[in-house]
There are 2 protein chains.
Amino acid sequence: MDASIRHRRDEASRAAPTWKVGELAARTGLSVRALHYYEEIGLLSPSRRTEAGHRLYAADDVLRLQRIVSLRHLGFTLEEIRACLRDGSGFPARRVVELHAARVRERMRSQQRLLHRLEALAFRLDPAAEEVPAGEFTQAVMEVIEMSERVERYYTPEQLEALERRRRELGEERIRAVEAEWPTLIEGVRAEMEAGTDPADERVQRLAKRWMELVGEFTGGDPGIERSVGNMWRQEENIHGIDTGEMREMMAYVSRATASSNERG
Amino acid sequence: MDASIRHRRDEASRAAPTWKVGELAARTGLSVRALHYYEEIGLLSPSRRTEAGHRLYAADDVLRLQRIVSLRHLGFTLEEIRACLRDGSGFPARRVVELHAARVRERMRSQQRLLHRLEALAFRLDPAAEEVPAGEFTQAVMEVIEMSERVERYYTPEQLEALERRRRELGEERIRAVEAEWPTLIEGVRAEMEAGTDPADERVQRLAKRWMELVGEFTGGDPGIERSVGNMWRQEENIHGIDTGEMREMMAYVSRATASSNERG
DNA sequence: ATACGCCCTCACGCCGCGTGAGGTTCAAGG
DNA sequence: CCTTGAACCTCACGCGGCGTGAGGGCGTAT
């Protein structure tokens, strides 16, 4: 059918085959409007028109259009495409492509950050709660953003990626369990400290062991991440609403306990 | 200075503190124009104005604005934000956030695909060539796109990620070396096949060994990826301009050689 | 003759503001 | 008091890449 149309049209001109907008649109997946627009901005004009003004695209035009579509699939803007295809000129293709790739990578990084925030936020929000008051919600949003900004200052992108993988391996349940265990553990250690219990005492040993296990579950044993965690606790004033001054004392207490256990074991 | 301004303004009204657009803009990092726009679309209107028409934002307005900014940082559209903050209503926060996260993930996936294509393209382009003719370039673009579309049909996203990591580990140099070695290796095997050499022959053994090594360097020994590679060679007609029919024969020949070596070894 | 489908040319709408133009008001200095 | 200069006001166009009509002409099968 398509062929018979072209046959008739081409018989009239006794020349090379041509295509109408609709045909071209169907072939390339673009819309007719897009093709009109490309002509409007001087990116692709049909080489001929019928007497009635209907656009007739020749083989050359189709070739050019294919190039345009290819470059569009690579995410170039129409302006950039026009520059690439300008009157037979060559251009530093590899450089252009690499620059563009760099832009895409940059966009992906910011999307990545965004996604982390959204995931952290979803994690914080009650899955069951149908209607969350706006105040509570925005409170959570702001805390998550503040937290993620601080986190991004202390961890390198590679470390963040590693933490991400670890979180996926552990699964949401396990993470919730660990987060739930921390407060009681901290409370236990605080009590022993305030009571002045010797770090070598067996009760403290048990708490310290569990403490190190939970830390290890977070860091995955990566020494770089351990250092970053340490820096964060040393330099910030409070994290998750926990006063880091007191926390530092507790960490010292726990590490004394661990050390004394290593001496004996 | 800022405080003294507010002091004067507030003394006149003997009431709660207020802020002017410029002050608010400075605090939130938005532009004055953005604040005007938010009023225009009914997202945030200052609760008062001076006689001269200057906007005066009250504490409530500032609170609302902070919420708006937070949600903007999470990538919500202004329309969505308006829906979230609508007259004190709660809303299914977690669901909204998760939906939004899903959208972000989807965008990231398509950016990922795009990046793969751009990287493959950059790899194919001569790093030294300053001026690449448009024809050659678009040819490369189209081949890369076609290839990546086929690749995406045969590998799962996880497999693609694994391949990506492997490529990064190997480095561009090594990949170029491997790609350069294939044609000669293929030629060698073809020659032995045409000569009718027994697969158990030592020369064929050496070729087959090297073949398997190169394949292993690509697949990383992942059985899932090996299967996907196999499917691709079985179902496509040509890959990288190589006729898969002939390739299948060669693969069979090589695997006979490997099998005979295993029998004896 | 008529109906249906394709084609044409305007022209406005989208999102989230940026960027003027052209004018008023505010707060401080002389 | 007057003058500056900064900050404010409104109005209106611009961006990219088209979508989506409105209102009409052309082509061809029945």
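Order of the sequence lines fixes the chain letters, A, B, ..., with proteins taken first and strands second; residue numbering starts at 1 for each chain.
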- request: Remember a base hit wins even if backbone is also touched, and classify Leu78(A) as base, sugar-phosphate or nothing at under 4.0 Å, heavy atoms.
  value: sugar-phosphate

field: Salt-bridge criterion met for Glu23(B) and Lys20(B) (N-O under 4.0 Å)
entry: no

message: I need the single residue from Leu170(A), Val178(A), Val229(A) that forms a side-chain contact (heavy atoms from CB on, under 4.5 Å) with Phe218(A). Which is it?
response: Val229(A)

field: First encountered from the 5' end of DNA chain C, between Leu30(B) and Gly53(A)
entry: Gly53(A)

query: What integer distance in Å separates Leu43(B):CG from dC15(C):C1'?
result: 13 Å

field: NZ/NE/NH1/NH2 to OD/OE distance under 4.0 Å, Glu40(B) and Arg33(B)
entry: yes

- prompt: Do you know the tightest heavy-atom contact between Leu24(B) and Val62(B)?
  reply: CD1-CG2, 3.8 Å

- prompt: Roughly how many Å is it from CG in Leu35(A) to P in dC6(C), rounded to a whole number?
  reply: 15 Å

- prompt: Which listed nucleotide (dC26(C), dG16(C), dC8(C)) is nearest to the side chain of Thr50(B)?
  reply: dC26(C)

query: Is there a side-chain polar atom (N or O) of Arg55(A) under 4.0 Å from OP1 or OP2 of dC8(C)?
result: yes

query: Taking atom types as modelled and ignoring hydrogens, do the side chains of Glu80(A) and His100(A) form a donor-acceptor contact shorter than 3.5 angstrom?
result: no

- request: Work out which heavy atom in Leu35(B) is nearest to a heavy atom in Ala25(B); give both atom names and the distance.
  value: CD1-N, 3.8 Å

message: Side chain of Thr77(A), heavy atoms from C-beta onward: which of dC17(C), dG17(D), dC7(C) has the nearest atom to it?
response: dG17(D)

query: Over how many whole Å does the gap from Leu56(A) atom CG to dG27(D) atom C1' extend?
result: 13 Å

task: Count the heavy atoms of every other residue, nucleotide or ligand shown that sit under 6.0 Å from NE2 of His116(B), and state whether that count exceeds 12.
output: yes

- line: Which of dC8(C), dC18(D), dT10(D) is nearest the side chain of Ser31(A)? It is dC18(D)

query: Would you say a side-chain N or O of Tyr38(A) is under 4.0 Å from OP1 or OP2 of dC18(D)?
result: yes

- prompt: More than 12 heavy atoms of other residues, nucleotides or ligands under 6.0 Å from CZ of Arg95(B): is that the case?
  reply: no

Report all interatomic pairs (protein N or O, nucleotide N or O of nucleotides 24-26 of chain D) with separations under 3.5 Å.
none

field: Residue Arg49(A), side-chain heavy atoms: nucleotide from dC8(C), dC17(C), dC9(D) that is nearest
entry: dC8(C)

field: Distance, rounded to the nearest Å, where Glu23(B) contributes CD and dA27(C) contributes P
entry: 10 Å

- request: Could you check how far CD of Glu51(B) sits from P of dC9(D), rounded to whole Å?
  value: 15 Å

statement: To the nearest angstrom, the CD-C1' distance between Glu79(A) and dC15(D) comes to 12 Å

message: Checking the side chain of Thr244(B) only, and the main-chain atoms of Glu237(B) only, is there a donor and an acceptor separated by less than 3.5 Å?
response: yes

- prompt: For Glu40(B) and dC11(D), what is the distance between atoms CD and P respectively, to the nearest whole Å?
  reply: 10 Å

message: With a 4.5 Å cut-off on side-chain heavy atoms, are Phe137(B) and Arg67(A) touching?
response: no

Rounded to 10 degrees, the angle between the two terminal axes of the helix from dA1(C)-dT30(D) to dG30(C)-dC1(D), each from five pairs: 30°

Short side-chain N/O contact to dG13(C) OP1/OP2 from Arg33(A), under 4.0 Å: no

message: What residues from residues 110-118 of chain B pass a heavy-atom cutoff of under 4.0 Å to DNA chain D?
response: none

message: Looking at His36(B), I'd like to know if its NE2 atom is crowded, meaning that more than 12 non-hydrogen atoms belonging to other residues, nucleotides or ligands lie closer than 6.0 Å.
response: yes

Nearest heavy atoms of Ser228(B) and Gln159(B), plus distance in Å: OG-OE1, 2.8 Å

- line: Taken to the nearest whole Å, CZ/Arg72(B) to C1'/dC15(C) is 9 Å

